[in-house]
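Everything below concerns the one structure shown next.
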Amino acid sequence: MPALGTLSAGGATAGVAGLLRLRRGPAVASPLPAAARAGAVHDGGQLVWGRQLRPNLLLPAGLLPSQASKRLPLRPPAASASDPAGDTKSVGLLEKYPAITTGFFFFMWYFLNVIFNILNKKIYNYFPYPYFVSVIHLLVGVVYCLISWAVGLPKRAPINSTLLKLLFPVALCHALGHVTSNVSFATVAVSFAHTIKALEPFFNAAATQFVLGQTVPLSLWLSLAPVVLGVSMASLTELSFNWKGFINAMISNISFTYRSIYSKKAMTDMDSTNVYAYISIIALIVCIPPAVIIEGPQLMQYGLNDAIAKVGMTKFVSDLFLVGLFYHLYNQLATNTLERVAPLTHAVGNVLKRVFVIGFSIIIFGNKITTQTGIGTVVAIAGVATYSYIKAKIEEEKRVSFHSIITMSPNLSTCKAELL
């Protein structure tokens with residue numbers, strides 16, 4: 001980036017001094033001429049895929065931007081001559097209390113997820129075509145993304161063949177996991193389908209150990225024992241149990257596990273909203289052929305007519321549109337919510353979401369469950385909670401350890417002394 005040279009005429013010392021002026025006190029007149037300062041500001045404000053480069057990119061070599069940005073939050077400079085009144089922008093309620101915003105995100109994530117699951121199951125009660133419904137879910141989401149891009153909220157990130165190759169395996173696993181989840185939801189009770197999907201951490205651990213070759217601590221493996229035990233107990237006496245629903249839920253677990261693996265390999269500079277939009281578009285293209293081949297003949301012959309005869313055209317179309325909209329919004333909100341919180345909060349949030357969905361589905365649909373099924377479900381969810389807690393703690397310890405190594409590095413001591 002040639003522009004960086006224009007911003008630090010005095011080298012590393014000038015860069016640090018500039019940051020100290022931003023952090024500690026009033027701005028000091030710059031020795032650079034006005035034209036040079038204007039060029040520096042312009043070059044320093046380049047946009048990369050809709051993201052503005054941050055000032056911490058101008059730190060001296062050897063000091064990681066991420067560390068500096070965490071330890072040294074930049075403060076706005078004092079009022080200048082161009083702003084004689086010295087007025088400062090008032091801090092809004094949501095900015096002053098970010099926990100309110102985060103709590104709202106959690107509430108909307110749970111609320112939309114529960115509504116989606118309930119409406120989705122009601123549709124299957126009169127229209128049992130999960131492949132077609134899966135396509136509708138993705139189609140409504142894609143239309144939503146295209147409209148959002150058209151109005152610039154958010155700005156569409158460019159994509160090329162390299163990024164497409166990275167995102168395609170993620171989208172393929174997303175499509176397979178989504179379709180098989182819907183086949184399971186259409187076949188068994190929602191509560192039981194989510195109980196089976198509680199096994200997803202087990203498949204994640206297995207893939208980490210045997211596919212990625214990374215050692216999984218014994219404590220994590222032990223925490224998965226009650227998950228397996230609980231799902232087994234629930235399956236043995238579940239009144240809605242059938243092999244089609246069980247096997248598809250298991251395939252969904254495996255698919256989403258591999259989606260996580262490929263997602264780590266496909267890390268890009270895109271924001272999560274754009275990434276999910278592109279994944280949805282690719283997944284839609286992947287899902288259309290199986291839906292046409294497997295369910296197309298029945299739909300054309302009597303499926304659509306039967307559904308319209310049962311509930312009417314208006315309700316049928318509105319139900320499909322709403323379930324697709326709720327599906328997209330709850331996934332998007334889940335991504336946005338989990339970006340705002342720590343790993344431990346993320347883990348707890350995922351577990352509580354599953355509890356909410358299982359509990360509300362039992363109440364709404366009045367599913368009859370045996371005592372053993374209820375105990376098995378509770379044991380499985382408790383196991384997932386334990387696993388999530390232990391995993392989050394391990395990740396936090398790794399992060400703190402890495403942070404300590406970076407901050408104790410010899411080549412950072414001089415810069416740290418000046419900046420602190």
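Note that the numbering runs from 1 along the sequence shown for the chain.
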*Residue from Ile369, Thr370, Val188 passing side-chain contact (heavy atoms from CB on, under 4.5 Å) with Leu239*: Thr370
_Taking side-chain contact (heavy atoms from CB on, under 4.5 Å) as the criterion, tell me which of Ile261, Leu224, Thr257 meets it with Asn204._
Thr257
*For Phe202, does the CZ atom sit with more than 12 other heavy atoms under 6.0 Å from it, leaving out its own atoms?*
no
*Between Ser252 and Ser181, is any side-chain donor less than 3.5 angstrom from a side-chain acceptor?*
yes
*Measure the CD-OG1 distance between Gln332 and Thr273 for me, rounded to the nearest 0.5 Å.*
4.0 Å
*Return the minimal non-hydrogen interatomic distance between Ala277 and Trp149, and the atom names on each side.*
CB-CZ2, 3.6 Å
*Please check if atom NZ in Lys310 has more than 12 non-hydrogen atoms from other residues, nucleotides or ligands closer than 6.0 Å.*
yes
*Could you give the distance from NE2 (His178) to OG (Ser255), rounded to the nearest 0.5 Å?*
12.0 Å
*Check against side-chain contact (heavy atoms from CB on, under 4.5 Å), Cys287 and Leu138*: CA-CA 9 Å; Cys287 286; Leu138 295 170; 3.7 Å; yes
*Do other residues, nucleotides or ligands put more than 12 heavy atoms under 6.0 Å from Phe111 CZ?*
no
*Answer yes or no: does atom NZ of Lys121 have more than 12 heavy-atom neighbours from other residues, nucleotides or ligands under 6.0 Å?*
yes
*Between atom CG of Asp306 and atom CG of Leu299, what is the distance when rounded to the nearest 0.5 Å?*
10.5 Å
*For atom OH of Tyr124, is the number of surrounding heavy atoms from other residues, nucleotides or ligands below 6.0 Å larger than 12?*
yes
*Is there a donor-acceptor pair closer than 3.5 Å between any side-chain N or O of Lys353 and the backbone N or O of Val114?*
no
*Under the side-chain contact (heavy atoms from CB on, under 4.5 Å) rule, what do Arg259 and Ile279 come out as? Steps first, then yes or no, please.*
CA-CA 11 Å; Arg259 182 184 66 177; Ile279 289 175; over 6 Å; no
*Under the 3.5 angstrom rule, does the side chain of Lys391 hit a backbone N or O of Leu220 as a donor-acceptor pair?*
no
*Between Asn274 (side chain) and Ala157 (backbone), is there a donor-acceptor pair under 3.5 Å?*
yes
*Okay, side chain of Thr377, backbone of Thr373: is any donor-acceptor separation there less than 3.5 Å?*
yes
_One pair to check against side-chain contact (heavy atoms from CB on, under 4.5 Å): Thr187 and Asn248. What are the steps and the verdict?_
CA-CA 9 Å; Thr187 309; Asn248 274 276; over 6 Å; no
*More than 12 foreign heavy atoms under 6.0 Å from CZ of Phe241: is that the case here?*
yes
*With the side chain counted from C-beta on, respond yes when Pro130 and Glu295 share a heavy-atom pair under 4.5 Å apart, and no when they do not.*
yes
*Where the side chain of Asn182 meets the backbone of Asn120, is there a donor-acceptor pair that is under 3.5 Å apart?*
no
_Can you tell me how the ring of Phe316 sits relative to the ring of Tyr126, calling it parallel under 30°, perpendicular over 60° and tilted otherwise?_
perpendicular
*Would you say Leu167 and Ile282 make side-chain contact, with heavy atoms under 4.5 Å?*
yes
*Nearest heavy-atom pair of Gly324 and Val140: which atoms, and what distance?*
C-CG1, 3.7 Å
*Can you measure from CD1 (Ile285) to OG (Ser280) and round to the nearest 0.5 angstrom?*
11.0 Å
*asked:* Closer than 3.5 angstrom, by distance alone: can the side chain of Asn113 be matched with the main-chain N or O of Trp109 as a donor-acceptor pair?
replied: no
_Among Phe132, Phe127, Tyr131, the one residue meeting ring pair (Phe, Tyr, Trp, His ring centres under 6.0 Å) with Tyr129_ = Phe127
*Check the pair Met250 / Asn253 against side-chain contact (heavy atoms from CB on, under 4.5 Å), numbers first and verdict last.*
CA-CA 5 Å; Met250 296 293 280; Asn253 285 333; 4.2 Å; yes
*What pair of heavy atoms forms the shortest contact from Pro217 to Ile394, and how long is it?*
CG-CD1, 3.7 Å
*Nearest heavy-atom pair of Leu333 and Leu112: which atoms, and what distance?*
CD1-CD1, 3.3 Å
_Parallel, tilted or perpendicular, as decided by the 30° and 60° cut-offs, for the rings of His174 and Tyr276_ = perpendicular
*Inter-residue atom distance Ile381.CD1 - Thr195.OG1, 0.5 Å rounding*: 6.0 Å
*asked:* Looking at every heavy atom in both Pro297 and Val292, which two are closest together, and how far apart are they?
replied: CD-O, 3.6 Å
*Where is the tightest heavy-atom contact between Ala205 and Val216, given as atom of each residue plus distance?*
O-CG2, 3.6 Å
*Please say whether more than 12 non-hydrogen atoms of neighbouring residues, nucleotides or ligands are located less than 6.0 Å from OH in Tyr258.*
no
_Quick one: does any side-chain atom of Thr180 pair with a main-chain N or O of Ile251 as donor and acceptor, under 3.5 Å?_
no
*How many angstroms lie between atom OH of Tyr327 and atom CG of Asn331, to the nearest 0.5 angstrom?*
4.5 Å
*Under 30°, 30 to 60°, or over 60°: which ring-plane class applies to Phe116 and His137, parallel, tilted or perpendicular?*
perpendicular
